[in-house]
K.L.:
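Okay, handing you the structure first.
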Amino acid sequence: MIPQTFDYTAPRTLEEALGLLAQGAKPLAGGMSLIPMMKLRLAAPEHLVDLGRLKDLSYIRERNGAIHIGATATHHDLETSAALKARCPLLAETAAHIGDVQVRNRGTIGGSIAHADPSADYPAALQALEAKFVLQGVGSERTVAAADFFVDTFTTSLDPGEIIREVIVPAEDSGEGTSYQKMFQPASGFAIVGVAARIRREGGKIAMARIGVTGVSNCSYRARAAEKALEGTGGSAADVERAATLVMERVEANSDLHASVDYRRHVATVYAKRAIASAMGRSA
Ligand SMILES: Cc1cc2nc3c(=O)[nH]c(=O)nc-3n(C[C@H](O)[C@H](O)[C@H](O)COP(=O)(O)OP(=O)(O)OC[C@H]3O[C@@H](n4cnc5c(N)ncnc54)[C@H](O)[C@@H]3O)c2cc1C
């Protein structure tokens, strides 16, 4: 189907873009989610502001023990970034799981996060990494934690006129290991269940566990009961098994044509176990 008629502007500066967004225009990044929605007439923006020409929004750099990622960095940029592979491998690994080559070449981290598809991959990793998002509007800037940003299906805490300007994730600590494990829907690549685990070991014990989950319910979440169950243990097979069974604690699973509630719950437990075991294997 052909989208409804719209105006299109490709500003060269962030100030110009923000000015147009404040007047009600909608940001366009890779177009991988927005354009299909416009073609299906699920979205009908009157004015698109293309963020793609804002070159100072596409970067990946380390500063003071954190990695800063500009919103228009593509999935391919993240997947192939030497800085991420060395200092935050979980995010590079997660980016490599997204869709296909074409989607990874065009799609951006900012677009994926703003779209907040409940089956998107990044949110699991960003929850486990306790990422922060820098949101900018005309004359305003605020930083929001991933746990507070994802509100519901396709719903975030972005205010009208605001964009995601930057994503900030911590550089990996010594003794830390991470892993993203995903059951994907074969036609699209989206997660039926995706679990990101981040484990730090100290003196033979698990000192820190962070587990992010996507695909299971209306929005991504931290599996805090499972994290708690792991921390302080030696990480034996029984410890991992017990923690994995808690990954769905107080979470309502979704049902769709790809997976029933019971199946999703079961798969979440299996993939949590795999993600935790794999992260532990990668921790020193
Ligand atoms: C065939 C196919 C397979 C896919 N498979 C997967 C998959 O396996 N896993 C996965 O996670 N995703 C998958 N996707 C989605 C893909 O990752 C998209 O790239 C992503 O959802 C949207 O990013 P985008 O840059 O294309 O954003 P766009 O489509 O341009 O925009 C999406 C939304 O975000 C808003 N927006 C964009 N940038 C910003 C910003 N900086 N600040 C605020 N709002 C902004 C737009 O206004 C729009 O509402 C797939 C998509 C396709 C078409």
Side-chain angles (χ1 to χ4, degrees), residues 3 6 8-11 14 17-18 20-22 24-40 42-54 56-59 69-79 91 93-127 133-137 140-142 144 149-150 153-167 180 182-194 196 212 214-215 219-220 258:
F6 58 89
Y8 170 88
T9 311
L14 185 55
L18 291 171
L20 293 166
L21 296 172
K26 189 163 181 60
L28 171 72
M32 292 291 96
S33 296
L34 182 54
I35 300 295
M37 287 183 70
M38 289 168 64
K39 286 185 165 182
L40 291 166
L42 293 171
E46 290 176 3
H47 188 176
L48 288 185
V49 171
D50 193 341
L51 304 180
R53 305 274 172 91
L54 305 174
D56 54 349
L57 264 195
S58 174
Y59 53 84
I69 304 164
T72 60
T74 64
H75 311 324
H76 174 76
D77 292 336
L78 271 78
E79 172 190 9
L91 211 46
E93 181 183 10
T94 304
H97 275 274
I98 295 177
D100 51 38
V101 174
Q102 289 94 329
V103 170
R104 293 199 294 278
N105 276 335
R106 296 284 319 166
T108 67
I109 186 164
S112 174
I113 296 169
H115 190 55
D117 190 305
S119 301
D121 291 293
Y122 284 131
L126 295 168
Q127 296 274 11
F133 307 146
V134 179
L135 312 183
Q136 192 164 350
S140 74
E141 183 181 307
R142 63 191 176 113
V144 176
F149 181 81
F150 297 106
T153 302
F154 302 124
T155 308
T156 70
S157 59
L158 269 169
D159 283 337
E162 259 183 345
I163 63 157
I164 299 164
R165 200 195 68 213
E166 185 176 83
V167 175
Y180 180 59
K182 165 188 182 183
M183 172 186 259
F184 63 93
Q185 200 272 317
S188 69
F190 274 103
I192 291 174
V193 167
T214 191
C219 89
S220 63
H258 305 301

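Both ligands and their constituent atoms are indexed starting at 1 by order of listing. Bear in mind the structure is a predicted one, so any value in this text is a computation, not a measurement.
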K.L.:
Looking at Thr9, Leu34, Leu20, which hits side chain to side chain contact (heavy atoms under 4.5 Å, CB included) with Leu48?
P.N.:
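The passing option is Leu34.
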
K.L.:
Determine, considering heavy atoms only, which of Pro36, Gly31, Ser188, Gly110 sits nearest to atom 5 (N) of ligand 1.
P.N.:
Ser188

K.L.:
As an exercise, identify every atom of ligand 1 less than 4.0 angstrom from a heavy atom of Gly30.
P.N.:
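What qualifies from ligand 1 is 24 (P), 25 (O), 26 (O), 27 (O), 30 (O).
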
K.L.:
Just let me know how Ile35 lines up against ligand 1, side chain, backbone, both or neither, with a heavy-atom cut-off below 4.0 Å.
P.N.:
neither

K.L.:
Using non-hydrogen atoms of the residue, decide whether Glu166 is closer than 4.0 angstrom to ligand 1.
P.N.:
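Contact check Glu166 vs ligand 1: negative.
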
K.L.:
Is it the case that the side chain of Lys26 and the backbone of Ala44 share a donor-acceptor pair, with hydrogens and angles ignored and the cut-off at 3.5 Å?
P.N.:
no

K.L.:
List the closest protein heavy-atom neighbour of atom 21 (O) of ligand 1: residue, atom name, distance to the nearest 0.1 Å.
P.N.:
Ser33 OG, 2.7 Å

K.L.:
What do you reckon, does Lys26 have a nitrogen or oxygen under 3.5 Å from a nitrogen or oxygen of ligand 1?
P.N.:
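Yes, since at least one N or O of Lys26 sits under 3.5 Å from an N or O of ligand 1.
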
K.L.:
Looking only at distances, can you tell me whether any N or O atom of Asp121, backbone or side chain, sits closer than 3.5 Å to an N or O atom of ligand 1?
P.N.:
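There is such a contact, yes.
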
K.L.:
Using a 6.0 Å cut-off, check whether atom CD of Glu46 has over 12 heavy atoms from anything other than its own residue.
P.N.:
no

K.L.:
Side chains of Leu135 and Phe149: does their closest heavy-atom pair fall under 4.5 Å?
P.N.:
yes

K.L.:
Should you measure from each heavy atom of Ala114, which atoms of ligand 1 turn up under 4.0 Å away?
P.N.:
34 (O), 35 (C), 36 (N), 43 (C), 44 (N), 45 (C)

K.L.:
Less than 4.5 Å apart, any side-chain heavy atom of Tyr122 and any of Ile98?
P.N.:
yes

K.L.:
Report the part of Leu51 (side chain from C-beta onward, or backbone N, CA, C, O) that has a heavy atom under 4.0 Å from ligand 1; answer both or neither where that applies.
P.N.:
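The side chain, only.
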
K.L.:
Taking distance alone, with no angle check, do Ile164 and ligand 1 share an N/O pair under 3.5 Å?
P.N.:
yes

K.L.:
Measuring from non-hydrogen atoms of Ile98 to any atom of ligand 1, is the shortest distance under 4.0 Å?
P.N.:
yes

K.L.:
Any atoms of ligand 1 less than 4.0 Å from a non-hydrogen atom of Ala29? List them with their elements.
P.N.:
25 (O), 27 (O), 30 (O), 37 (C), 38 (N)

K.L.:
Which protein heavy atom lies closest to atom 7 (C) of ligand 1, and at what distance to 0.1 Å?
P.N.:
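For atom 7 (C) of ligand 1, the nearest protein heavy atom comes out as Gly99 N, 3.3 Å.
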
K.L.:
Does Ala71, backbone or side chain, put an N or O under 3.5 Å from an N or O of ligand 1?
P.N.:
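In fact, backbone or side chain, Ala71 has no N or O that close.
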
K.L.:
I'd like to know if the side chain of Ser220 reaches the main chain of Thr214, judged simply by a donor and an acceptor atom lying under 3.5 Å from each other, with no hydrogens or angles considered.
P.N.:
no

K.L.:
Within ligand 1, which atoms have a heavy atom of Met32 less than 4.0 Å away?
P.N.:
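Listed by number with element: 18 (C), 19 (O), 26 (O), 29 (O), 53 (C).
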
K.L.:
What part of Ala120, side chain from CB on, backbone N/CA/C/O, both or neither, has a heavy atom under 4.0 Å from ligand 1?
P.N.:
both

K.L.:
N/O of Ser119 under 3.5 Å from N/O of ligand 1, yes or no?
P.N.:
no

K.L.:
May I ask you to identify, for Lys182, whether its side chain, its backbone, both or neither come under 4.0 Å of ligand 1 on a heavy-atom basis?
P.N.:
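Side chain only.
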
K.L.:
Answer yes or no: does an N/O atom from Phe190 fall short of 3.5 Å to an N/O atom of ligand 1?
P.N.:
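Right, the criterion is met.
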
K.L.:
What I'd like to find out is whether the side chain of Gln127 reaches to under 4.5 Å of the side chain of Phe150, using heavy atoms alone.
P.N.:
yes

K.L.:
Has Met37 got any heavy atom lying under 4.0 angstrom from an atom of ligand 1?
P.N.:
no

K.L.:
Consider every N or O of Gly189 and every N or O of ligand 1, then say whether any pair is closer than 3.5 Å.
P.N.:
yes

K.L.:
Please report whether ligand 1 has a polar contact with Pro27, defined as an N or O pair separated by less than 3.5 Å (distance criterion only).
P.N.:
yes

K.L.:
Would you say ligand 1 has an N or O under 3.5 Å from any N or O of Tyr122?
P.N.:
no

K.L.:
Which residue owns the protein heavy atom closest to atom 31 (O) of ligand 1, what's the atom, and how far is it?
P.N.:
Leu34 CB, 3.8 Å

K.L.:
Could you tell me how the ring of His115 sits relative to the ring of Phe154: parallel (under 30°), tilted (30 to 60°) or perpendicular (over 60°)?
P.N.:
tilted

K.L.:
With sequence neighbours excluded, what pairs up with His97 under the ring pair (Phe, Tyr, Trp, His ring centres under 6.0 Å) test?
P.N.:
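Residues passing ring pair (Phe, Tyr, Trp, His ring centres under 6.0 Å) with His97: Tyr180.
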
K.L.:
Is the side chain of Ser112 donor-acceptor paired with the backbone N or O of Gly110 at a distance under 3.5 Å, no angle test?
P.N.:
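The answer is no, because no donor-acceptor pair under 3.5 Å joins these two groups.
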
K.L.:
Measure Val103 to ligand 1 on non-hydrogen atoms and call it side chain, backbone, both or neither using the 4.0 Å cut-off.
P.N.:
side chain

K.L.:
Tell me, do Asp77 and Ser58 make a side-chain contact under 4.5 Å, heavy atoms counted?
P.N.:
yes

K.L.:
What part of Arg165 sits under 4.0 Å from ligand 1 if we count only heavy atoms: the side chain, the backbone, both or neither?
P.N.:
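Near ligand 1, Arg165 shows nothing, with every heavy atom at 4.0 Å or more.
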
K.L.:
Under the side chain to side chain contact (heavy atoms under 4.5 Å, CB included) rule, what do Asn105 and Thr74 come out as? Steps first, then yes or no, please.
P.N.:
CA-CA 6 Å; Asn105 276 335; Thr74 64; 5.8 Å; no

K.L.:
I want to know if ligand 1 touches Ile163 in the polar sense, i.e. an N/O pair below 3.5 angstrom.
P.N.:
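Checking ligand 1 against Ile163, no N or O pair falls under 3.5 Å apart.
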
K.L.:
Considering only the protein, which heavy-atom contact is closest to atom 17 (O) of ligand 1, and what is its distance?
P.N.:
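Looking at atom 17 (O) of ligand 1, the protein heavy atom closest to it is His75 NE2, 3.0 Å.
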
K.L.:
Which is it for Asp159 and Arg142 under the side chain to side chain contact (heavy atoms under 4.5 Å, CB included) test, yes or no, and what are the steps along the way?
P.N.:
CA-CA 11 Å; Asp159 283 337; Arg142 63 191 176 113; 3.6 Å; yes

K.L.:
For atom 25 (O) of ligand 1, grab the closest protein heavy atom and report residue, atom and distance to one decimal in Å.
P.N.:
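Ranked first by proximity to atom 25 (O) of ligand 1 is Thr108 OG1, 2.7 Å.
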
K.L.:
Can you report which non-hydrogen protein atom sits closest to atom 27 (O) of ligand 1, along with the distance?
P.N.:
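Protein heavy atom at minimum distance: Gly111 CA, 3.5 Å.
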
K.L.:
Can you find a heavy atom in the side chain of Leu91 that is under 4.5 Å from one in the side chain of Leu126?
P.N.:
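Leu91 vs Leu126: side chains touch.
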
K.L.:
Go through ligand 1 atom by atom and flag the ones less than 4.0 Å from a non-hydrogen atom of Leu158.
P.N.:
43 (C)

K.L.:
Answer whether the closest heavy-atom distance between the side chains of Ile164 and Leu158 falls below 4.5 Å.
P.N.:
yes

